[in-house]
Amino acid sequence: MSDSPLAHTVAALQPRARTELAELVAFKSVADPAQFPRSECDAAADWVAGALRAEGFQDVALLDTPDGTRSVYGFLPGPAGAPTVLLYAHYDVQPPLDEAAWVSPPFELTERDGRWYGRGAADCKGGLIMHLTALRALKENGGVPVGVKVIVEGSEEQGTGGLERYAEAHPELLAADAIVIGDTGNFRVGLPTVTATLRGMTLVRVQVDALESNLHSGQFGGAAPDALAALIRILDSLRAEDGSTTVRGLAADASWEGLQYAEEEFRKDAKVLDGVGLIGSGTVADRLWARPAVTVLGIDCPPVIGATPSVQAGARALVSLRVPPGTDAAEATKLLVAHLEGAAPWGVRVAVEQIGQGQPFRADTGSPAYASMASAMREAYDGEEMQTSGMGGSIPLCNTLAGLYPGAEILLIGLSEPEAQIHAVNESVSPQELARLSLAEALFLQRYAASRG
């Protein structure tokens, strides 16, 4: 980092950042009451509200959103005539998956090999700590030069759209001149990056039914239609021989123009086993940022241990489809549903239920705020130039905000670089990246205010 007073303040704030991140990570704030009690999310929301009040935020509120979760809002007034910047993060997290596969407990922040491990450390509780650290550093170095709104979502990982619908019903609440979404990440550690595009997503549950009840496979197997086998065929139809996504009617041949992702680097980042090939065609960047991608997230069927010799009467799966900018997520959902229903063999009954949906996003990287961010990142990263990349993930709120506030400049930064392993076991954050990005955000707010003056 630079040797400025602001950088020294950020460095001095790092012990506090670690302590607070540990407190946040301890909340098992998975926004699915079927997996963890809602009280865990409520406690995390209360923590966020308390932190904002302690920093002098006004109008701090727990917003009851239409999907049954809570987002946290606060407003910090700026100098007269100063622009307003909205800072976004989310406190809900992905479930820990196989807790036994974690080297340290998923909800206990643990330092190891120069990184801090814990669910949500990078995605996106660390993003909230980044915002708080930047604002605290500014307060100790002349004050916060802009008005600041903070919104911390409670159900981003579930894709259930609560905050989007709340914002649409209260369009004045999140209005701002610039918006910093702290939920993406650098292309790799030490390379400052803003994210220019996000894929949208649709999430559906597929139910296949073939029999009134399970049947003995010796007595009926070979003639009785097997729902699990039918489901496997339906899911297999979503991929071509090379693994490319093939949803009938959905374009899948776009190219990515910009920062490229070397195949050997991707294999290392994704931890692909030796001898196992990548799927799809085109460049890695094409596949990740410019084309649709289907993933089977889960299948309900008998586990191997304890399975009986039965023909299955029913089976179901959860299917995610990521869609690139330029593709309407609602239209992609219709095509996916039609494909799944049309691929059913043997006349089995197929029911498809939409669970979540979010539109893709493309930022205007030529806006003045990007110049301020490029300058800020250059200083925070000791002369390293800011890069622009895509991201295969989805943040549905981005399109909602762009639609509500067409004049707002939207920037996406964050802590989720490849080593962070977000959504996987052993998620972690680099404390060095947390410090650099906190400094970059503080510098950005200073320079953005000056550019608007």
Side-chain angles (χ1 to χ4, degrees), residues 31 63 65-67 69 71 73 84-90 92 123-124 127 149-185 194-204 250-251 254 256 258 288-293 320-336 354-367 369-370 373 388-414 416:
L63 310 178
T65 59
D67 63 354
T69 64
S71 294
Y73 169 82
T84 298
V85 178
L86 174 67
L87 305 178
Y88 167 90
H90 63 85
D92 71 303
D123 183 24
C124 177
K149 293 180 178 180
V150 168
I151 186 70
V152 186
E153 189 173 2
S155 58
E156 192 276 339
E157 298 291 9
Q158 297 298 312
T160 45
L163 182 56
E164 293 99 280
R165 297 200 296 276
Y166 190 96
E168 289 165 350
H170 304 82
E172 75 291 341
L173 184 70
L174 303 182
D177 299 290
I179 300 170
V180 179
I181 306 289
D183 192 27
T184 59
V194 293
T195 301
T197 66
L198 298 168
R199 286 191 295 199
M201 60 83 68
T202 186
L203 187 66
V204 299
L250 187 63
W256 173 260
L288 296 181
W289 304 329
R291 297 179 182 179
S320 165
L321 176 66
R322 303 282 181 169
V323 294
T327 300
D328 179 68
E331 180 61 26
T333 300
K334 293 178 182 177
L335 293 173
L336 176 61
Q354 184 176 350
I355 305 300
Q357 180 179 284
Q359 292 289 353
F361 172 78
R362 187 186 303 275
D364 176 11
T365 57
S367 66
Y370 274 81
M373 183 62 79
T388 302
S389 75
M391 191 177 85
S394 306
I395 306 175
L397 182 66
C398 285
N399 269 84
T400 299
L401 296 177
L404 289 173
Y405 320 117
E409 304 173 79
I410 301 178
L411 304 98
L412 297 99
I413 63 173
S416 299

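Only this structure's heavy atoms are used, side chains among them; waters, hydrogens and symmetry mates stay out. A quick note: this is a predicted structure, and the numbers were derived from the prediction, not measured.
- Remark: the backbone N or O of F361 is not paired with any side-chain donor or acceptor of T197 at under 3.5 angstrom.
- Considering V180, I151, V152 as possible partners of L87, the one that fulfils the side chain to side chain contact (heavy atoms under 4.5 Å, CB included) test is V180.
- A side-chain donor-acceptor contact under 3.5 Å links Y88 and E153.
- Within the structure, the ring-ring contact (aromatic ring centres under 6.0 Å, His included) test picks out the following pairs touching residues 157-180 (sequence neighbours left out): Y166-H170.
- Among residues two or more places apart in sequence or in another chain, the side chain to side chain contact (heavy atoms under 4.5 Å, CB included) test is passed with L404 by A167, P171, T400.
- For the pair K149 (side chain) and A175 (backbone), a donor-acceptor distance under 3.5 Å is present.
- A side chain to side chain contact (heavy atoms under 4.5 Å, CB included) with I179 is found for one member of L412, L86, L411 and no other, namely L86.
- With sequence neighbours excluded, the residues satisfying side chain to side chain donor-acceptor pair (under 3.5 Å) with D123 are H90, H423.
- Looking at Y370, its side chain does come within 3.5 Å of a backbone N or O of I410 through a donor-acceptor pair.
- Residues meeting the side chain to side chain contact (heavy atoms under 4.5 Å, CB included) test with T202, sequence neighbours left out: V204, L321, T333, L336, Q354, Q357.
- T388 is linked by a side chain to side chain contact (heavy atoms under 4.5 Å, CB included) to V194, A196, T365, counting only residues two or more places apart in sequence or in another chain.
- For A89, the side chain to side chain contact (heavy atoms under 4.5 Å, CB included) partners two or more places apart in sequence, or in a different chain, are C124, L128, H131.
- Between the side chain of R291 and the backbone N or O of A254, at least one donor-acceptor pair lies under 3.5 Å.
- Judged by distance alone, the side chain of R165 and the main-chain N or O of T160 form a donor-acceptor pair under 3.5 Å.
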